[in-house]
Amino acid sequence: MIIGERICGFRFRSFFMSGSLVCKMLVLFLRFSRSGWFSLDVGEGVLRILSVDSEPKLLRLDEISDDFAYPIQSSRELDRYFDKNLIAVYKYVISGVEDGCIGVYFDFGDCGFSVLESEGNLSITDGVVGASEGIALSKLEI
């Protein structure tokens, strides 16, 4: 579905409680050249990459009047991957654990980036993260 497409946009959703940052990146949004917006999150060992019906609207923290705020922000962190064709997507799995996904790797051939989950927070790292014992990459058909 998204293989062979280019990433054209990137946003993320944070979580604040009573004005204090709890989670910098709870959900990652990616816009692909033909398929549009997708959300990506990893939690409790499960990877979810879902099509989003509409563009995730930018929303600043000061525009939210609730103690539980989920602003959506943009970032230039992935700009270097724009206009590169996506070759493959892999998930990081813990060997022998049914719900053991800890992240995903987007492969652009000569480069790529990983999105990893730790304690409910997503982080982005260039390249493949060094393999630990019991962690493997498994190719996704998406």
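Contact annotation: the side chain of I2 never approaches that of I7 to less than 4.5 Å [non-hydrogen atoms, C-beta and beyond]. Between L28 and L30 the shortest side-chain heavy-atom distance falls below 4.5 Å. Annotation: side chain of R60 is not in contact with side chain of P71 (no heavy-atom distance under 4.5 Å). Side chains of F15 and N121 form no contact here, defined as non-hydrogen atoms less than 4.5 Å apart. Using a 4.5 Å heavy-atom threshold, the side chains of F12 and V27 count as separate. A 4.5 Å side-chain heavy-atom check between V42 and Y92 finds every atom pair outside the cut-off. With a 4.5 Å cut-off on side-chain heavy atoms, D107 and V89 do not count as touching.
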- request: Decide yes or no on side-chain contact (heavy atoms from CB on, under 4.5 Å) for S35 and M1, but give the supporting numbers first.
  value: CA-CA 8 Å; S35 298; M1 173 167 48; 4.2 Å; yes
message: Is there a side-chain contact (heavy atoms from CB on, under 4.5 Å) between F10 and I124? Walk through the geometry before answering.
response: CA-CA 12 Å; F10 160 64; I124 296 173; 3.6 Å; yes
query: Given the rule in the side-chain contact (heavy atoms from CB on, under 4.5 Å) test, do Q73 and S14 qualify, once you have shown the distances and angles that lead to the verdict?
result: CA-CA 8 Å; Q73 304 164 43; S14 300; 3.2 Å; yes
- request: Show your working on side-chain contact (heavy atoms from CB on, under 4.5 Å) between R80 and D126 and close with a plain yes or no.
  value: CA-CA 10 Å; R80 67 185 152 278; D126 287 320; 2.9 Å; yes
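Atom CD of E44 has 12 or fewer heavy atoms from other residues, nucleotides or ligands within 6.0 Å. Shown here is D66, whose CG atom has more than 12 heavy atoms of other residues, nucleotides or ligands within 6.0 Å.
In this structure, F113 has its ring center at least 6.0 angstrom away from the ring center of Y105.
Distance check: R6 CZ to F108 CZ gives 11.0 Å after rounding to the nearest 0.5 Å. Rounding to the nearest 0.5 angstrom, the gap separating the CD1 atom in I3 from the NZ atom in K139 is 7.5 Å. In this structure, the separation between CG on D41 and CD1 on I49 is 9.5 Å, given to the nearest 0.5 Å. Here the straight-line distance linking atom CZ of F32 with atom CD of E5 works out to 7.0 Å at 0.5 Å rounding. Note that the CD1 atom of I135 and the CD1 atom of I94 stand 4.5 Å from one another [nearest 0.5 Å]. One distance of note links CH2 of W37 with SG of C8; it measures 9.0 Å at 0.5 Å rounding.
The hydrophobic clustering, which links ILVMFWY residues whose side-chain heavy atoms are closer than 4.5 Å, places V115 and V128 apart. L21 and L26 fall into different hydrophobic clusters, where Ile, Leu, Val, Met, Phe, Trp and Tyr side chains are chained together by heavy-atom contacts under 4.5 Å. One hydrophobic cluster, built from ILVMFWY side chains closer than 4.5 Å, cannot hold both I142 and L50; they sit in different ones. No single ILVMFWY cluster, assembled from side-chain heavy atoms under 4.5 Å apart, contains both V93 and L40. F82 and F29 are members of different hydrophobic clusters when ILVMFWY side chains are connected at heavy-atom separations under 4.5 Å.
For R48 against G43, the heavy-atom pair with the smallest separation is NH2-N, 3.7 Å. Across all their heavy atoms, A88 and Y90 have their closest contact at CB-CE1, 3.7 Å. Across all non-hydrogen atoms, the minimal contact from G4 to N85 is O-OD1, 3.4 Å. Between I72 and K57, the shortest heavy-atom contact is CB-O, 3.4 Å. Here the shortest heavy-atom pairing between G127 and S114 reads O-OG, 2.7 Å.
Taking the charged nitrogens against the carboxylate oxygens, E55 and R31 have no contact shorter than 4.0 Å, which rules out a salt bridge.
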